Amino acid sequence: MSICVAANIDVRLGQTTILDDVSIAVSAGEWVTIVGPNGAGKSTLLSVMAGLSRSSGTVSVDGHDLVDLSPRRRARLLAYVPQQPEVPPGMSVNSYILLGRTPHLSLLGVEGPRDFEIVQEVIDQLDLTGFGHRTLESLSGGELQRCHLARAISQATPIVFLDEPTTALDLGHQQQALDLIKQLRQEHQITVVMTMHDLTLASQYSDRMVLLSDGRVVAEGTPAQVLDPNHLSTLYGARVRVLEIEGDIVVVPISE
Amino acid sequence: MPGAGSDSGAVVSERLRASWVLLGLLAIVSAIAAGLLIGPADLESSGVILELIDRLPLVTVDSGLSSIHANIIWEVRLPRVVLGALVGATLAVSGASYQAVFRNPLADPYLLGSAAGAGLGATVAIVTGSGDGMGTFDTVPLLAFLGSLAAVALTYFLGYSSGVRRSPAALLLAGVAVASFLTAIQTFIQQRNVETIRQVYSWILGRLNTASWDEVSLLTPYALLASLVILLHRRTLDVMRLGDAEASSVGIRPQLVRLIVISAASLGTAAAVSVSGLIAFVGIIVPHTVRLLAGSSNRIVLPLSMMFGASFLMFVDLLGRTIASPAEIPIGVITAFCGAPFFVVVLRASRRSLG
């Protein structure tokens with residue numbers, strides 16, 4: 001069953017076409033990664049699917065057209081972490097993660113014991129115990145990334161959108177972050193839709209990949225189906241080889 | 001970390017510590033006491049205190065003050081102290097809320113043209129002679145109030161029609177344009193009417209020296225309404241610190257919150273400005289001091305800004321009317337004199353923890 005359906009998404013900025021008739025359906029529990037060269041429209045598509053950018057198509061989540069939902073109801077269905085989330089100066093880790101509880105509070109209300117409990121669980125799960133009173137600026141890149149994830153998870157939504165969740169991280173932290181998302185996805189039965197540049201990592205974690213180029217879907221399917229070396233060479237203007245090492249797909253750049 | 005909650009490690013939201021509330025109350029009480037006890041008329045402190053006690057219900061004591069002296073307390077010093085507290089609290093909490101909705105540490109309550117609009121309104125009233133600062137019906141506060149609100153409305157309209165949906169920066173730029181435009185008109189009118197230039201100038205520098213209970217009752221409803229609306233949004237304003245896209249992704253409507261909070265803060269600011277003139281810097285230095293010392297959450301910043309804004313302005317007014325007594329130094333001069341050096345400190349520290 002599809003939990004999120006984006007149909008005939010068109011986005012234009014002046015004369016430029018950002019997305020051209022894109023349609024995607026995401027099944028409940030699936031991990032879908034949107035890949036494509038710079039400027040392909042990945043982030044725009046993600047933000048349209050998360051209800052944060054307008055488009056001429058329709059997006060429905062859990063059977064509701066996003067246009068008909070108030071921001072509060074929408075925020076109970078989906079969480080979104082942008083590529084470079086804001087880091088409010090002086091804000092503590094606790095306060096930051098508690099902001100994820102906003103759609104579950106009454107209008108102009110404040111958090112109660114239940115919200116503190118949920119956030120405590122998320123904090124323990126994401127290995128942020130003991131960081132609660134630190135300010136966000138004092139954290140390392142990897143710790144900060146876990147805070148962003150923690151805020152999204154504490155929002156307790158069935159679907160989570162992540163825009164390039166590993167960009168700022170080194171190789172080890174990239175794997176840790178993706179392992180964490182994998183683990184959280186299983187424990188909370190979350191559907192994950194994310195964008196990513198690293199094709200190898202994307203292929204190792206995703207159930208399905210969608211390849212965008214110039215605002216159109218050019219390939220869609222399992223990682224093995226999407227990562228065709230000839231196709232990638234043309235789209236990315238790069239010299240690549242796609243290898244299979246012990247069951248993993250590996251996309252490697254090669255020299256002339 | 002200051003204001004971050006308990007040390008037990010359990011998750012709690014940032015909240016206002018009792019010690020800060022007590023300090024704020026202490027500052028207010030001492031400012032009121034100093035304002036009532038000190039002045040050109042040499043009143044016995046014991047007499048002032050007894051006179052106050054005498055007014056308590058069911059208590060009757062003889063203060064030993066003459067009725068003229070009692071009048072100085074009730075009709076001169078007290079309304080001025082109360083007005084200072086109301087203006088200070090309103091400007092400080094409005095400034096803090098502007099900084100929150102614009103996520104800009106330099107935002108102050110005059111940012112969207114409030115001051116320029118009020119200045120033009122007051123200048124027109126003074127120049128046309130309809131407001132001479134005397135009598136029961138004075139058009140200076142009325143026109144200043146209307147000018148201030150009209151300027152903010154114009155800014156909002158211009159900003160909205162030129163892309164405020166994309167970025168709140170459009171609103172700030174519209175504010176700059178409106179303020180420059182209205183200031184140009186105000187300066188033109190002022191230059192054409194040099195005979196009233198002193199009056200206009202004195203109004204622009206801000207003053208509480210015409211304070212009577214009339215001004216207090218004029219300002220009170222707006223100050224209460226503005227403060228209430230802003231305080232109710234204390235958590236929402238913390239969500240706004242995530243920026244519009246992320247705030248919207250956790251379920252609030254940033255445009256709407258900005259409109260509501262700006263409306264409330266502008267109403268309060270317009271009312272404060274209409275009775276006190278343009279008192280600078282209170283809306284910036286008070287919230288930033290609170291942020292640096294007590295914590296950056298708006299649950300802390302907003303209530304403490306009100307308390308310290310009130311006590312700060314009462315003390316500044318006391319300075320203004322005593323250091324060159326019997327002459328008065330305009331209150332706006334003293335707030336700016338203290339404010340400008342402080343501003344430098346704030347700017348230097350803002351790399352660290354202001355928000």
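Order of the sequence lines fixes the chain letters, A, B, ..., with proteins taken first and strands second; residue numbering starts at 1 for each chain. Note that the structure is predicted; figures quoted are calculated from it, not measured.
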Residue-level contacts of residues 140-159 of chain A with chain B, using a heavy-atom cutoff under 4.5 Å: A/R151, A/Q155

query: Does any heavy atom of chain B fall under 4.5 Å from the side chain of A/S70, the backbone, both, or neither of them?
result: both

- request: Take B/S248 and A/L52, measure what side chain to side chain contact (heavy atoms under 4.5 Å, CB included) needs, and give me the verdict at the end.
  value: CA-CA 7 Å; B/S248 167; A/L52 298 173; 3.4 Å; yes

field: A/L78 versus chain B, the contacting section by heavy-atom distance below 4.5 Å
entry: backbone

field: Whether B/R241 side chain and A/E86 backbone form a donor-acceptor pair below 3.5 Å
entry: no

message: Testing the basics here: between B/R235 and A/V110, what is the closest heavy-atom pair and its distance to 0.1 Å?
response: CD-CA, 3.9 Å

- prompt: With distance as the sole criterion, is a donor-acceptor pair present between the side chains of A/R74 and B/S249 under 3.5 Å?
  reply: no

A/L108 CG to B/H233 NE2 distance, which is reported to the nearest 0.5 Å: 5.0 Å

message: What part of A/P113 gets within 4.5 angstrom of chain B, counting heavy atoms only: side chain, backbone, both, or neither?
response: neither

statement: Residue set satisfying side chain to side chain donor-acceptor pair (under 3.5 Å) with B/S311, at least two apart, ordered chain then number -> none

field: Heavy-atom contact with chain A under 4.5 Å, split by part of B/T236
entry: side chain

message: Is A/L105 close to chain B through its backbone or its side chain, or both, or neither, when contacts mean heavy atoms under 4.5 Å?
response: side chain

message: Working to the nearest 0.5 angstrom, can you tell me the gap between B/E246 CD and A/T102 OG1?
response: 11.5 Å

statement: Honestly, the part of A/F161 sitting under 4.5 Å from a heavy atom of chain B is neither

message: Is there a side chain to side chain contact (heavy atoms under 4.5 Å, CB included) between B/V250 and A/Y80? Walk through the geometry before answering.
response: CA-CA 8 Å; B/V250 296; A/Y80 168 77; over 6 Å; no

Neighbour count above 12 (heavy atom, 6.0 Å) for B/Y222 OH: no

message: Could you work out, with ring pair (Phe, Tyr, Trp, His ring centres under 6.0 Å) as the rule, every residue matching A/Y205, not counting sequence neighbours?
response: A/W31

- request: Flag yes if more than 12 heavy atoms outside A/D20 fall under 6.0 Å of its CG atom; otherwise flag no.
  value: yes

task: Heavy atoms only: give me the nearest B/L242-A/P88 pair and the separation to one decimal.
output: CD2-CG, 4.1 Å

field: Steps toward side chain to side chain contact (heavy atoms under 4.5 Å, CB included) verdict (A/S92, B/E14)
entry: CA-CA 8 Å; A/S92 73; B/E14 285 182 63; 3.6 Å; yes

field: Residues of residues 182-197 of chain A with any heavy atom under 4.5 Å of a heavy atom in chain B
entry: none

query: Rounded to the nearest 0.5 Å, how far does CG of A/L99 lie from CE of B/M240?
result: 12.5 Å

